[in-house]
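First comes the structure, then the notes that go with it.
Here, residue 1 is the first one in the sequence, and each next residue gets the next number.
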Amino acid sequence: RKLFFDTHALVCLLEANGFTTQQSEVIVSALVKIMDTNLDMIYKDMVTKVQQEIALQQVMSHIGGVKKDMIILEKSEFSALRSENEKIKLELQQIKKQVLDEITKVRADNKLNLNLEKSRVKELVSFGCFLLETSKQLFVKEHHAQQDRALTQTDRKIDTEVADLKTMLESHKLDNIKYLAGSVFTCLTVALGFYRLWI
């Protein structure tokens with residue numbers, strides 16, 4: 001193994017700092033052993049280039065297999081998804097047709113209902129006008145009837161008053177005739193009395 005530091009320079013440095021040559025060599029050999037054990041531990045976890053290439057080829061072959069499987073799965077999944085999409089499209093088209101049919105039915109029903117309501121409103125308006133006309137006619141008839149009643153009552157009152165006046169006139173006539181006859185008789189008796197006296 002290659003060492004990446006100068007062991008002789010380290011021994012000289014240790015001797016310059018007060019260590020003996022034997023102590024310095026022991027310390028350097030201990031450092032070398034420690035480094036060797038550390039490198040062994042590191043090399044156990046590490047892989048050589050050949051092993052790395054073999055592992056890379058194995059990984060690449062696994063990746064290729066996975067790619068093939070993914071392609072096959074994608075094709076099968078895409079075909080399944082396409083068939084599902086086609087089914088969904090057909091169902092959507094059917095639903096659209098059903099919704100359009102329902103909309104046309106609802107529109108037709110609404111139009112019929114509106115026409116029926118219009119005709120009902122027209123009938124109600126015509127019936128209301130008929131009721132107004134009949135109520136006006138009834139009011140006019142009632143008014144005429146009241147006027148006729150009032151006229152008949154006034155005619156009766158007038159007839160009774162006229163009859164009363166006639167009876168009063170008749171009674172006054174009789175009284176006048178009585179008075180006239182009485183005065184004529186008195187005048188005649190007076191005239192006869194003068195005439196007797198005179199003859």
Side-chain angles (χ1 to χ4, degrees), residues 1-140:
R1 273 183 191 154
K2 292 180 181 179
L3 297 173
F4 295 100
F5 64 94
D6 191 0
T7 55
H8 180 67
L10 186 57
V11 168
C12 291
L13 182 64
L14 290 171
E15 285 178 354
N17 286 319
F19 288 97
T20 62
T21 304
Q22 191 177 1
Q23 288 175 346
S24 299
E25 288 177 357
V26 169
I27 289 170
V28 169
S29 64
L31 285 173
V32 169
K33 283 181 181 179
I34 290 168
M35 287 180 65
D36 285 338
T37 54
N38 284 333
L39 287 173
D40 287 336
M41 294 296 289
I42 291 168
Y43 287 148
K44 281 180 184 176
D45 293 332
M46 294 179 72
V47 182
T48 61
K49 283 186 179 180
V50 176
Q51 291 173 346
Q52 187 178 3
E53 287 177 0
I54 291 169
L56 183 62
Q57 287 176 359
Q58 288 176 352
V59 169
M60 292 301 289
S61 66
H62 284 301
I63 288 171
V66 170
K67 280 184 179 178
K68 288 178 184 176
D69 292 337
M70 289 293 289
I71 290 168
I72 292 167
L73 283 172
E74 282 179 359
K75 286 180 180 177
S76 64
E77 287 292 323
F78 279 133
S79 63
L81 285 172
R82 283 176 187 168
S83 63
E84 287 292 325
N85 282 333
E86 291 296 324
K87 287 179 183 177
I88 290 168
K89 282 181 181 178
L90 290 173
E91 288 177 359
L92 283 174
Q93 288 176 355
Q94 290 176 354
I95 289 168
K96 281 182 181 178
K97 286 179 182 178
Q98 290 176 357
V99 168
L100 288 173
D101 292 337
E102 289 294 325
I103 288 169
T104 53
K105 285 179 183 178
V106 168
R107 284 181 180 170
D109 290 337
N110 286 334
K111 284 182 181 178
L112 285 173
N113 289 331
L114 284 173
N115 289 330
L116 287 172
E117 288 297 322
K118 283 181 181 178
S119 63
R120 286 178 187 168
V121 167
K122 286 179 181 178
E123 288 176 359
L124 287 173
V125 168
S126 62
F127 185 69
C129 291
F130 175 73
L131 285 176
L132 282 173
E133 288 294 324
T134 53
S135 64
K136 282 181 182 178
Q137 289 174 359
L138 288 173
F139 179 74
V140 168

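Taking the side-chain contact (heavy atoms from CB on, under 4.5 Å) definition, one finds that E53 meets it with nothing, sequence neighbours left out. M60 pairs by the side-chain contact (heavy atoms from CB on, under 4.5 Å) definition with L56, I63, not counting sequence neighbours. In terms of the side-chain contact (heavy atoms from CB on, under 4.5 Å) criterion, residue partners of T21 (sequence neighbours excluded) are, by chain and number, E15, E25. Listed by chain and residue number, V121, C129 satisfy the side-chain contact (heavy atoms from CB on, under 4.5 Å) test with V125 (two or more places apart in sequence, or in another chain). By the salt bridge (charged side-chain N to carboxylate O under 4.0 Å, His left out) test, E117 is found to be paired with R120, residues two or more places apart in sequence or in another chain being considered.
Residues Q58 and I54 have side chains in contact (heavy-atom distance under 4.5 Å, counting atoms from C-beta outward).
L39 contributes atom CG, which lies 12.0 Å from atom CD1 of I34 (distance to the nearest 0.5 angstrom). In this structure, the separation between CG on N17 and SG on C12 is 11.5 Å, given to the nearest 0.5 Å. Atom CD1 of residue I27 and atom OG1 of residue T7 lie 13.5 Å apart, to the nearest 0.5 angstrom.
Closest approach of L14 to S24, counting heavy atoms only: CB-OG, 3.2 Å.
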Distance-only check: which donor-acceptor pairs under 3.5 Å involve side-chain atoms of residues 88-109, not counting sequence neighbours?
residue, atom, partner, partner atom, Å
T104, OG1, L100, O, 3.1
T104, OG1, D101, O, 2.6

